[in-house]
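Comments concern the structure below.
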Amino acid sequence: MAAAPTTAAPEDEKTIQEQLSLLVLLADRVRKAAEEAASAKPECGDIARQVDRLSQMLRSIARIATASTTNSLYDRPIRRISSDVSKNLDRALTLIRKCKHSSVLRQVFSITTSADFRKLSNFLESSIGDMKWLLSIYDSDDGTNLALPPIASNDPNLSWVWSYIASIHMGKKLTDRVEAANELASFARDNDRTKKMIIEEGGIAPLLKLLKEGASSDAQIAAANALYNLGSDEEKVQLIVYELGIPIITHVLGDSPMKVQVMVVKLVSGMAELNLNAQEEFARENVIRPLVTLLSMDMILDDPKLQAGKTSIHSLVQINKQLAKAPNNVYHSLHSNSSGSLHLDGSGRGGFHRKERESELPETKLKLKVNCAEALWKLSKGSVSNSRKITETKGLLCLGKMIETEQGDLQLNCLNAIMEIAAVAETCADLRRAAFKTSSPPAKAVLDQLLRVIQEESFPALKIPAIKAVGFLARTFPARETRIIGPLVAQLNHRNPEVATEAAIALGKFVHPDNFLHLEHSKAIIEFDGVPSIMRMPRTSDQAQVHGLVLLCYLALHVGNSKALEQARALNTLEGAARSIAAQHPELKELFAKAIHHLTLYQAGAHPSRPYAPYVEFAFENLALGVCNVIKVYPQLHMTNENRKKM
């Protein structure tokens with residue numbers, strides 16, 4: 001989890017009213033000191049007039065601050081400018097006090113020159129310019145003020161950021177607020193320095209406020225876009241989380257027009273990808289439910305609970321219970337038909353946006369579904385809670401249906417989502433047993449589509465996540481489920497090295513010793529001519545070779561007596577590659593040694609011309625065990641001529 005935001009500076013602990021009151025009192029002290037000046041009276045009089053103007057502006061700002069509630073006033077520029085004004089008033093008080101003495105001796109030791117007064121006058125003029133600008137952004141109905149105050153002369157972006165944030169926070173016209181949010185989104189897209197400035201100057205809170213209010217679709221889209229551009233790394237996303245942005249985002253996602261949801265879902269996806277804490281916060285807010293609902297809009301899903309053409313009272317009660325558990329900002333319109341299927345139209349709460357949805361362009365609906373699938377992908381990555389929620393809300397069934405019927409980015413994102421859920425299930429036995437039982441209709445539907453993609457799709461980008469997903473679920477399949485191994489073996493010789501590599505990795509999970517059914521799966525690979533396929537794997541990829549050889553080692557350990565291994569000269573292959581593989585991957589050294597030794601036991605007659613070679617090489621790898629086994633297998637090799645005569 002990211003560290004908490006740093007605490008405010010001591011001066012920020014004072015309220016704006018207190019800070020401005022102290023400045024007004026300080027200005028009064030400067031004017032009084034100017035009236036008591038005994039020398040340089042004309043200069044002191046000029047300073048007093050400048051301070052008087054500052055005092056009037058400070059009182060005006062104080063009245064605005066008093067009339068505003070705590071949450072409706074954007075105070076960052078006030079605090080920054082008032083800090084500079086305080087320094088300049090202190091300078092004025094120090095200089096004028098030097099003119100208070102009338103004796104010649106004291107005037108000698110407190111020399112003041114006209115240059116000192118000119119310098120002080122310039123400082124005060126800068127403060128007057130800053131206060132004028134401050135009044136213009138707080139007391140103006142003319143939209144965003146893009147004038148440049150003296151305080152921002154070296155960094156114009158600062159004044160523009162202040163102006164845009166102030167317009168979003170306190171603007172009276174919605175069009176001005178939308179324009180300011182769009183400008184901040186553009187600023188945030190430029191560079192990290194600007195993003196950091198917007199966040200430090202308090203830009204997140206007013207954007208979340210604009211998003212939550214829902215004054216117009218354009219306003220919400222502009223706010224979501226700005227937040228998306230700001231949340232470009234883990235730390236910045238965490239700051240959005242600290243501002244309680246996730247409950248707001250989840251609420252808006254469930255109850256807003258479709259074109260707003262497109263941008264909000266994109267925001268959810270971006271935050272979940274960059275920040276693990278945001279992932280879990282979204283899980284607590286149950287963002288999965290509205291995402292699955294939107295993804296499955298206008299889709300008819302076969303419901304295993306509503307089969308045989310009848311809807312029982314019990315089933316209707318269960319559906320009502322599910323609806324009651326749903327968040328207030330999401331409404332599921334469920335229609336059961338005579339075929340026992342479930343229709344989800346993805347309507348908003350109370351059907352408020354239903355007419356808008358029906359009139360939306362197909363391109364907008366497709367974009368929303370693409371973004372929803374991507375969000376489910378990012379949310380499920382490494383998250384048990386989100387993956388479990390997806391499987392509990394008919395998410396698996398919906399993703400499987402999308403893989404079957406859709407193409408392009410939507411199909412790819414659904415495959416990636418399935419892959420990440422399967423990856424989590426690989427390490428979470430409870431999720432694996434609950435969601436991917438082979439007797440479960442959703443799991444069966446998903447598996448059917450994964451196998452179809454592996455066998456029929458030609459694009460590696462689609463094959464790879466499907467192969468990975470099947471590999472992650474290797475512990476799920478019983479021995480009788482033989483249709484899994486064949487398609488994976490067929491991919492070992494794919495022309496794309498990455499596809500071949502992932503196929504070898506997936507098969508390696510099936511035959512890994514930790515897999516209870518590794519022996520049965522190893523035999524299945526042999527039956528599907530897996531050994532020749534391994535031997536023909538692409539040689540252009542080091543990764544493909546390594547994982548292919550690892551798979552070959554597991555087969556040697558489990559089914560070393562197979563004729564297929566002997567015919568393919570697997571022992572020669574492993575012996576030839578053992579030294580180079582061990583040098584590059586020391587963790588595989590022991591695996592190769594065991595595999596070579598195991599094959600040597602079963603294929604002792606395979607190398608009559610060099611009976612000692614395998615044992616010598618193995619002895620160097622594992623001396624004690626190698627010698628023991630050599631003596632056990634060929635005791636005659638270690639008998640001297642004298643011992644033979646005695647026998």
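Being a predicted model, the structure only gives us computed values, none of them experimental.
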Would you check, one step at a time, whether the test side-chain contact (heavy atoms from CB on, under 4.5 Å) holds for Gln411 with Met402? CA-CA 6 Å; Gln411 185 184 35; Met402 287 290 179; over 6 Å; no

List the steps, then state whether side-chain contact (heavy atoms from CB on, under 4.5 Å) holds for Ile505 with Ile467. CA-CA 9 Å; Ile505 294 173; Ile467 293 171; over 6 Å; no

Start with the C-alpha distance between Lys266 and Glu374, add both sets of side-chain angles, then the distance that settles salt bridge (charged side-chain N to carboxylate O under 4.0 Å, His left out), and finish with yes or no. CA-CA 8 Å; Lys266 184 179 179 182; Glu374 183 178 4; over 6 Å; no

Yes or no on side chain to side chain donor-acceptor pair (under 3.5 Å) for Gln279 and Asn386, after CA distance, side-chain angles and deciding distance? CA-CA 8 Å; Gln279 264 191 352; Asn386 281 321; 5.1 Å; no

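Side-chain contact between Lys259 and Ile221: present, with at least one pair of heavy atoms (C-beta onward) separated by less than 4.5 Å. Residues Val546 and Leu588 are in side-chain contact: their nearest non-hydrogen atoms beyond the backbone lie under 4.5 Å apart. Considering only heavy atoms from C-beta on, Leu557 comes within 4.5 Å of Leu591 through its side chain. Residues Ile246 and Met271 form a side-chain contact, since some pair of their non-hydrogen atoms from C-beta on lies under 4.5 Å apart. Taking the side chain as every heavy atom from C-beta outward, Glu235 and Gln238 never approach each other to under 4.5 Å. Using a 4.5 Å cut-off on side-chain heavy atoms (C-beta onward), Ile581 and Val550 make no contact. By the 4.5 Å heavy-atom criterion applied to side chains, Thr250 and Val268 are not counted as neighbours. Using a 4.5 Å heavy-atom threshold, the side chains of Thr427 and Phe472 count as separate.
The aromatic rings of Phe510 and His521 sit perpendicular, their planes meeting at an angle over 60°, well past the 30° parallel limit.
The two residues Leu396 and Ala435 make their nearest non-hydrogen contact at CD1-O, 3.7 Å. The minimum heavy-atom distance linking Val424 with Ser380 is given by the pair CG2-O, 3.5 Å. Of all the heavy atoms in Val292 and Thr393, the pair that sits closest is CG1-O, 3.3 Å. The two residues Ala188 and Asn229 come nearest to each other via the heavy atoms CB-CB, 3.7 Å. What you find for Ser269 and Lys378 is that their closest heavy atoms are OG-CG, 3.3 Å. Across Pro465 and Asn416, no two heavy atoms sit closer than the pair CB-OD1, 3.5 Å.
For the atom pair Leu267 CG and Gln261 CD, the distance stands at 13.5 Å (nearest 0.5 Å). Atom CG of Leu450 sits about 12.0 Å away from atom NZ of Lys463, to the nearest 0.5 Å. Between His251 atom NE2 and Glu285 atom CD the span is 11.5 Å, to the nearest 0.5 Å. For the atom pair Thr501 OG1 and His494 NE2, the distance stands at 12.0 Å (nearest 0.5 Å).
Not a single donor-acceptor pair under 3.5 Å links the side chain of Asn275 to the backbone N or O of Val237. In this structure, the side chain of Asn225 does not engage the main chain of Ala185 through any donor-acceptor pair within 3.5 Å. Proximity of a side-chain donor or acceptor of His558 to a complementary backbone N or O of Val511 within less than 3.5 Å is detected. The backbone N or O of Pro460 sits nowhere less than 3.5 Å from a side-chain atom of Asn496 that would complete a donor-acceptor pair. Between the side chain of Glu457 and the main chain of Arg452, no donor-acceptor pair closer than 3.5 Å is present.
A side-chain hydrogen bond (donor to acceptor under 3.5 Å, both in side chains) with Ser383 holds for exactly one of Arg388, Glu420, Glu280, Lys389; it is Glu280. With Leu295 as the fixed residue, the side chain to side chain contact (heavy atoms under 4.5 Å, CB included) test singles out one of Leu368, Val370, Val265, Leu399: Leu399. Remark: of the listed residues His598, His597, Glu590, Glu590 is the sole one forming a side-chain hydrogen bond (donor to acceptor under 3.5 Å, both in side chains) with Lys594.
With a 6.0 Å radius and a threshold of 12 heavy atoms from other residues, nucleotides or ligands, Gln407 has its CD atom at or below the threshold. Within 6.0 Å of CD in Glu498 there are 12 or fewer heavy atoms belonging to other residues, nucleotides or ligands. By the neighbour-count criterion of 12 heavy atoms within 6.0 Å, atom NZ of Lys367 is sparsely surrounded, having that number or fewer from other residues, nucleotides or ligands.
Between His512 and Tyr554, a ring centre-to-centre spacing shorter than 6.0 Å is recorded.
A donor-acceptor contact closer than 3.5 angstrom links the side chains of Lys195 and Ser232.
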